[in-house]
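Below, read A as the first sequence line, B as the second, and so on, with proteins coming before strands; counting in each chain starts at 1.
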Number of protein chains: 2
Amino acid sequence: MNDKFTVTQLCREFGVTPRALRFYEAKGLLHPAREGTRRRFGQRDKARLSLILRGKRFGFSLAEIGELLDLYHTDNTQVSQLTRTLEVAGRRLDDMRRQRDELAIAIEELQEQMDVVADLLTKKKTD
Amino acid sequence: MNDKFTVTQLCREFGVTPRALRFYEAKGLLHPAREGTRRRFGQRDKARLSLILRGKRFGFSLAEIGELLDLYHTDNTQVSQLTRTLEVAGRRLDDMRRQRDELAIAIEELQEQMDVVADLLTKKKTD
DNA sequence: GGTTACGTTGACGTTAACGTCAACATAAAT
DNA sequence: ATTTATGTTGACGTTAACGTCAACGTAACC
């Protein structure tokens, strides 16, 4: 079985705690199957989990991430729902582009400021 | 007086609440002067505030932002403190660069996935 | 058949970043 | 002198995203 994973396997692979996985499931972001009482995660859940974690790194809330995730399992989704999701995704995409541009500026500025301070430091040392 | 601002002026200009400003001050991120009992914010505080808000948009915590802010008022700072701050800033800069790269990838992926879904939508509509 | 190993569900605790509300101070305007 | 606007300090409430037990189930191994 290459595509069935247990809780601890996912935890190791993604560096999260079981509690977090349960939390994501409770929020409807993951839908692991059940073997008896235990969770079995499939490839879909793995893909979703990495999207979740990536979204978090960008500062998105789990609620926002949840809206986006629907974009990736459009199987039996209604047209109306898809349209709505596309709108949300479009806005999120704009956010990300703005964030990217702003980030580029901030990186440059921080680099410059670091240079200034580094200079100041060498001078202070030669006192 | 061109460089003295009241609470509400800053709030309007930056779109934050008075509570937030007080919170930042309590955390040591802002150091407004006092006229009697009231706060007077100067240019330095404005600069700091925009750095704070920018940091927040990148997902940094106020604690992390606080460490970085020292880089911008290095006036009477000790050499040891400056060195330490430079280290912190260096790490943060690496974080930002990683985030920038990852963000670029995520933007592309999201764009592609949106195209896929948009296609799927037009086909669904012609059913 | 006992003990690990791994899993489960509550239930409550925690931290960050404020929001909200009460009670009071002060300064300007009427 | 009293509204009105603007400010202040506590103190407590709130939300998101988990952490941390406790108590229990079950499957496998010795």
Side-chain angles (χ1 to χ4, degrees), chain A residues 1 3-42 45-46 48-70 88 92 95 99, chain B residues 1 3-42 45-46 48-70 88 92 95 99:
Chain A
M1 288 123 200
D3 56 341
K4 288 294 174 190
F5 309 91
T6 171
V7 169
T8 23
Q9 284 172 335
L10 254 84
C11 289
R12 266 197 253 290
E13 186 170 346
F14 289 90
V16 300
T17 72
R19 183 66 180 88
L21 292 185
R22 279 178 48 207
F23 189 75
Y24 298 153
E25 184 182 358
K27 281 253 165 181
L29 304 186
L30 294 178
H31 310 285
R34 295 289 175 129
E35 259 175 35
T37 168
R38 311 198 157 176
R39 288 162 237 261
R40 288 295 135 152
F41 298 88
D45 295 301
K46 282 181 75 167
R48 289 187 145 240
L49 183 51
S50 47
L51 286 173
I52 292 171
L53 298 179
R54 167 184 283 177
K56 289 199 60 181
R57 283 194 295 275
F58 298 153
F60 291 139
S61 74
L62 292 184
E64 292 172 314
I65 294 170
E67 293 182 308
L68 267 186
L69 276 178
D70 297 345
V88 174
R92 203 71 70 225
D95 289 351
Q99 191 171 346
Chain B
M1 287 123 203
D3 57 341
K4 287 297 173 188
F5 309 91
T6 172
V7 170
T8 24
Q9 284 172 335
L10 253 83
C11 290
R12 267 198 252 290
E13 185 169 346
F14 289 90
V16 300
T17 71
R19 184 66 180 89
L21 291 185
R22 279 179 47 207
F23 190 75
Y24 298 153
E25 184 182 357
K27 282 254 165 181
L29 304 186
L30 295 178
H31 310 286
R34 296 291 174 126
E35 260 176 34
T37 168
R38 313 200 153 172
R39 288 164 238 262
R40 288 294 136 150
F41 298 88
D45 295 301
K46 283 182 76 167
R48 289 188 145 238
L49 183 51
S50 47
L51 286 172
I52 292 171
L53 297 179
R54 166 184 284 175
K56 289 199 59 180
R57 285 194 294 274
F58 298 154
F60 291 139
S61 74
L62 292 185
E64 291 171 315
I65 294 170
E67 291 182 309
L68 268 186
L69 276 179
D70 297 345
V88 173
R92 203 68 72 225
D95 289 352
Q99 190 171 346

Hey, does the side chain of A:R48 reach the backbone of A:L29 with a donor-acceptor pair shorter than 3.5 angstrom? yes

A:T8 side chain vs A:C11 backbone, donor-acceptor pair below 3.5 Å: no

So, is [X] near the phosphate of [N], with a side-chain N or O under 4.0 Å from OP1 or OP2?
{"X": "B:Y24", "N": "C:dC18", "answer": "yes"}
{"X": "B:T17", "N": "C:dC18", "answer": "no"}
{"X": "A:K56", "N": "D:dC18", "answer": "yes"}

What is the distance, to the nearest angstrom, from the [atom1] atom on [X] to the [atom2] atom on [N]?
{"X": "A:L10", "N": "C:dC6", "atom1": "CG", "atom2": "P", "result": "16 Å"}
{"X": "B:R12", "N": "D:dG7", "atom1": "CZ", "atom2": "C1'", "result": "14 Å"}
{"X": "A:L62", "N": "D:dT15", "atom1": "CG", "atom2": "P", "result": "16 Å"}
{"X": "B:F14", "N": "C:dC18", "atom1": "CZ", "atom2": "P", "result": "15 Å"}
{"X": "A:F23", "N": "C:dA11", "atom1": "CZ", "atom2": "P", "result": "17 Å"}
{"X": "B:E35", "N": "C:dA28", "atom1": "CD", "atom2": "C1'", "result": "15 Å"}
{"X": "A:F41", "N": "C:dC6", "atom1": "CZ", "atom2": "C1'", "result": "14 Å"}
{"X": "B:R22", "N": "D:dT8", "atom1": "CZ", "atom2": "P", "result": "8 Å"}

What are the two closest heavy atoms between A:E64 and A:G59, and how far apart are they? OE1-O, 4.5 Å

Which nucleotide in [options] has an atom nearest any side-chain atom of [X]:
{"X": "B:R38", "options": "C:dG19, C:dA25, C:dA17", "answer": "C:dA25"}
{"X": "B:V7", "options": "C:dC18, D:dC18, D:dT8", "answer": "D:dT8"}
{"X": "B:K27", "options": "D:dG10, C:dA17, C:dC6", "answer": "C:dA17"}
{"X": "A:R19", "options": "D:dT20, C:dC18, D:dG7", "answer": "D:dT20"}
{"X": "B:T37", "options": "D:dT6, C:dC18, D:dT8", "answer": "D:dT8"}

If you apply the rule salt bridge (Lys or Arg N to Asp or Glu O under 4.0 Å), what do you find for A:R92 with A:E67, and how did you get there? CA-CA 10 Å; A:R92 203 71 70 225; A:E67 293 182 308; 3.2 Å; yes

By the 4.0 Å heavy-atom rule, please label B:R34 as base, sugar-phosphate, or nothing. sugar-phosphate

Is B:E35 salt-bridged to B:K4, going by a charged N under 4.0 Å from an acidic O? no

